[in-house]
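Letters A, B, ... mirror the listed sequences (proteins, then strands); counts begin at 1. This is a predicted model, so every value here is computed, not measured.
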Amino acid sequence: MGKRKKGIAFAFYIMVIPMSLLFFIFHTYPFFQGVFYSFTNWKGYGKWSLVGLRNYIHIFSDPDISHAYEFTFFFAVLATCLVNIFSLLLALGLNAKIKFKNTLKAIFFLPYMLGNLIVGFVFNYIFANLLPPIGKALGIASLSVNILGTDNAWAGVLFVTVWQSLAFNTLIYLSGLQTIDRDLYEAADLDGAMKWKRFKNITFPLIAPFFTINIVLCVKNFLMTFDQVMAMTGGGPGTDTTTVSVLIYKKGFQGAQFAYQSADAVLFFLVIIAISLFQLFVLEKREERFE
Amino acid sequence: MTRKHIRDTSWNITLLLIVLAIVLIFLPLYLTVVIALKNPQEMAHVLAWPQVIQWANFSRAWDMVSYPQKFFNTFRITVFALIFTLITNSMVAYAIARNRKKSRFFNFLYYYLISAMFIPFNVLMLPLVKQANQLHIDNIVGITFLYIVFGLPMNTFLYNGYIKALPTSLEEAAVIDGANPWQVFFRVIFPLLTPINATVGILTFMWTWNDFLMPLVLLSKPDQQTLQLSQYVFQGQFSTDYNLAFASYLMALIPILVVYLLAQKWIIGGITAGAVKQ
């Protein structure tokens, strides 16, 4: 380590220092600023003073915030499960011996390309105008009105989120499935293994790393859900579908709760860190067991 | 044995996937197109093809949201963010990847940037917007710049994985020939990065073109808005004129659909490569 500076040309420092400084100024600094403001009572304008932990104490007795966290977790868990089940099934289908494989793959990947917002608007129309007549005809009460205006609004948002997220996760599972040697299946076929057993004992262990990637990415993305909610319900009806991100945006910018929502954001950050670390730990352990 | 190797095409699964593709993917898209082409009187039979195609929907939407302006705003943001992300982020990652082992400083930078991946945008968005207002970067130029800077953690991670695996012999040969680090980077390394540049490029393109949150909080002036944001802003004015609204949505979707149609294989490949590296 003694001669560590010797071998490094000055040019390498020039390559990294400006970008790293900019990153610090526009990313790290605002982050710490947010942490600092979370200990104040600033509204986003006017005077402020330090209030210690008051915002944090308040957060835990605030029904808006606890509801947003409940809904966000509920939504993220459901979306993660549904997306992984359906994308794995879709990937298994696309990996089977089928015709038009590449065309089908390209079609199922299409939703990933489309902006969340516009997709949300298109489905708004479907939920408001197309589904109710069908729901009435079938005699399903919850579908015979615009679902986004009812207690079941979350299901509408969930459907669209899953619809759009399937594409990416399917692609990851598919690339996992393509690494599996077909001979393994044939050996299993000779042993007379049933399809489910074959999946459980061969396919799944081999794509476990891809499962890990998908779960981690899904949880992280769905905890941030914002676009779909803004496009479809605006967080309503009432505050039913308000996620933490939507709450920070609405109350932080429009509700004069700059400092208070900064505390909320810091808490959210800690939650996300904890979940990410926990996931990496648990899922890597599980992968090791399979290896 | 050999007979088992050649399994027949599974028509059941093919058929199921085709039906799913039609119902789940084509139907919503068809709906978008068909509504955009109709007049309100024809909305009773939503799925029927219009008797006369209402091109006027498009010209009305074009004028209403100032489509050319919004398109070029988005286009400029995407193109500049793309070019500068590829150059600057790969350069940072290269310097870090090659000096991490030798220097604590570069090693620290690596961990600094990687750990920043854990900080979601909405955690720093409130102070960032204040800062952007003060510095007058709440405009197209500013947001482009922020995309380039904010992509750094993820891209450093992607590039680093790739550069690590490149043999150093070519660089050493270039150094012996008298090349300085800049020449080594631009002439030797950068051309070798094409596959990972494709991945980073596609991800940056998708992010900047489709992003809603950053434009929402940073681009408040109408003449600065992006295509996505303008759809949100005009949502209230479209009200129940669905034909106008859908014409507008369709125009906002068309550029990316065209890109996908032209470069579909390349996009899928690039995104897969990036995702599997994570």
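Side-chain atoms of B/Ser90 come within 3.5 Å of backbone N or O of B/Ile87 as a donor-acceptor pair. Side-chain atoms of B/Asp211 never come within 3.5 Å of backbone atoms of B/Trp207 as a donor-acceptor pair (strictly under, hydrogens ignored). Looking only at distances, no side-chain donor or acceptor of B/Asn243 sits under 3.5 Å from a matching main-chain atom of B/Ala36. Looking only at distances, a side-chain donor or acceptor of A/Gln164 sits under 3.5 Å from a matching main-chain atom of A/Leu114. Checked by atom type and distance alone, the side chain of B/Tyr260 pairs as donor or acceptor with a backbone atom of A/Ala106 at under 3.5 Å. Under the 3.5 Å distance criterion, the side-chain polar atoms of A/Thr72 are matched with a main-chain donor or acceptor of A/Val244. The closest donor-acceptor contact from the side chain of B/Tyr30 to the backbone of B/Leu47 lies under 3.5 Å. The main-chain N or O of B/Gln131 is never found under 3.5 Å from a side-chain atom of B/Gln134 such that the two would form a donor-acceptor pair. Remark: side-chain polar atoms of B/Lys38 are paired, donor with acceptor, to backbone N or O of B/Val46 under 3.5 angstrom. For the pair B/Asn99 (side chain) and B/Ala95 (backbone), a donor-acceptor distance under 3.5 Å is present.
B/Ser248 has its side chain out of reach of B/Phe234: every pair of non-hydrogen atoms, C-beta onward, lies at least 4.5 Å apart. With a 4.5 Å cut-off on side-chain heavy atoms, B/Ile18 and B/Ile22 count as touching. Contact of the B/Pro215 side chain with the B/Tyr232 side chain is not registered, since no non-hydrogen atoms from C-beta on lie closer than 4.5 Å.
Few gaps surround CZ on B/Phe190; more than 12 heavy atoms of other groups in view lie less than 6.0 Å from it. Summarising the local packing, CH2 of B/Trp266 is surrounded by 12 or fewer heavy atoms from other residues, nucleotides or ligands at distances under 6.0 Å. Within 6.0 Å of atom CZ in B/Phe26, 12 or fewer heavy atoms from other residues, nucleotides or ligands are found, so the atom counts as exposed in its surroundings.
B/Tyr249 touches chain A through backbone and side chain together, each having a heavy atom under 4.5 Å away. Interface residue B/Leu17: backbone and side-chain heavy atoms are both found under 4.5 Å from chain A. B/Thr32 touches chain A through its side chain: at least one heavy atom from C-beta onward sits under 4.5 Å away, while N, CA, C and O do not. Looking at B/Leu126, both its backbone and its side chain come within 4.5 Å of chain A, counting heavy atoms on both sides. Heavy atoms of B/Phe121 lying under 4.5 Å from chain A are absent altogether. For B/Leu16, no part sits under 4.5 Å from any heavy atom of chain A, backbone or side chain. Heavy-atom distances place the side chain of B/Leu146, and not its backbone, under 4.5 Å from chain A. For chain A, the nearby part of B/Leu135 is the side chain; its heavy atoms alone come within less than 4.5 Å. Residue contact with chain B, scored on non-hydrogen atoms closer than 4.5 Å, involves the backbone and the side chain of A/Leu110 alike. Proximity to chain A (any heavy atom under 4.5 Å) is shown, for B/Val123, by both the backbone and the side chain. Both the backbone and the side chain of B/Gln231 come within less than 4.5 Å of a heavy atom in chain A. In this structure, chain B has no heavy atom under 4.5 Å from any part of A/Lys101. Contact annotation for A/Phe100: only side-chain heavy atoms (C-beta onward) come within less than 4.5 Å of a heavy atom of chain B. Only the side chain of A/Ala96 has a heavy atom closer than 4.5 Å to any heavy atom of chain B. For B/Gln228, the parts sitting under 4.5 Å from any heavy atom of chain A are the backbone and the side chain alike. For B/Trp209, no part lies under 4.5 angstrom from a heavy atom of chain A. Heavy atoms of B/Ile267 lying under 4.5 Å from chain A belong exclusively to its side chain. Neither the backbone nor the side chain of B/Val259 comes within less than 4.5 Å of any heavy atom of chain A.
Annotation: cation-pi geometry satisfied between B/Arg100 and B/Tyr111 (NZ/CZ under 6.0 angstrom from ring centroid, within 45° of ring axis).
Annotation: residues 170-177 of chain A contacts chain B through A/Leu171, A/Ile172, A/Ser175 [non-hydrogen atoms, separation under 4.5 Å].
Within the model, atoms CD1 of A/Ile213 and CD1 of A/Ile215 stand 11.5 Å from one another, a figure rounded to the nearest 0.5 Å. Here the CE atom belonging to A/Met232 is positioned 11.0 Å from the CG atom belonging to A/Asn116, to the nearest 0.5 angstrom.
Note: B/Ile25 leads B/Ile13, B/Ile25, B/Leu128 in heavy-atom pairs under 4.5 Å with chain A. Annotation: maximal heavy-atom pairing with chain B below 4.5 Å, among A/Tyr112, A/Phe32, A/Phe108, occurs at A/Phe108. Looking only at heavy-atom pairs under 4.5 Å with chain A, the residue among B/Asn180, B/Val217, B/Leu229 that has the most is B/Val217. The choice from A/Leu130, A/Ile107, A/Leu92 that makes the most heavy-atom pairs within less than 4.5 Å of chain B is A/Ile107. The choice from B/Phe150, B/Trp11, B/Phe106, B/Phe118 that makes the most heavy-atom pairs within less than 4.5 Å of chain A is B/Phe106. Of the listed residues (A/Tyr125, A/Phe269, A/Phe109), the greatest number of heavy-atom pairs within a distance under 4.5 Å of chain B belongs to A/Tyr125. Of the residues considered (B/Ile96, B/Leu216, B/Leu227), B/Leu216 shows the highest number of contacts with chain A, using heavy-atom pairs under 4.5 Å. Ranked by heavy-atom pairs under 4.5 Å with chain A, the list B/Leu152, B/Ile256, B/Ile119 is led by B/Ile119. Chain A forms the most heavy-atom pairs under 4.5 Å with one residue out of B/Met91, B/Lys265, B/Met43, B/Arg98, and that residue is B/Met91. Among the candidates A/Asn129, A/Ile248, A/Val16, the residue making the largest number of heavy-atom pairs closer than 4.5 Å to chain B is A/Val16. Annotation: maximal heavy-atom pairing with chain B below 4.5 Å, among A/Phe10, A/Phe23, A/Phe31, A/Tyr37, occurs at A/Phe23. Ranked by heavy-atom pairs shorter than 4.5 Å toward chain B, the options A/Gly93, A/Pro111, A/Gly120, A/Ala128 are led by A/Gly93.
Aromatic ring centroids of A/Phe123 and A/Trp163 lie under 6.0 Å apart.
Note on residues 20-30 of chain A: pairs passing side chain to side chain donor-acceptor pair (under 3.5 Å), not counting sequence neighbours, are A/Thr28-B/Tyr112.
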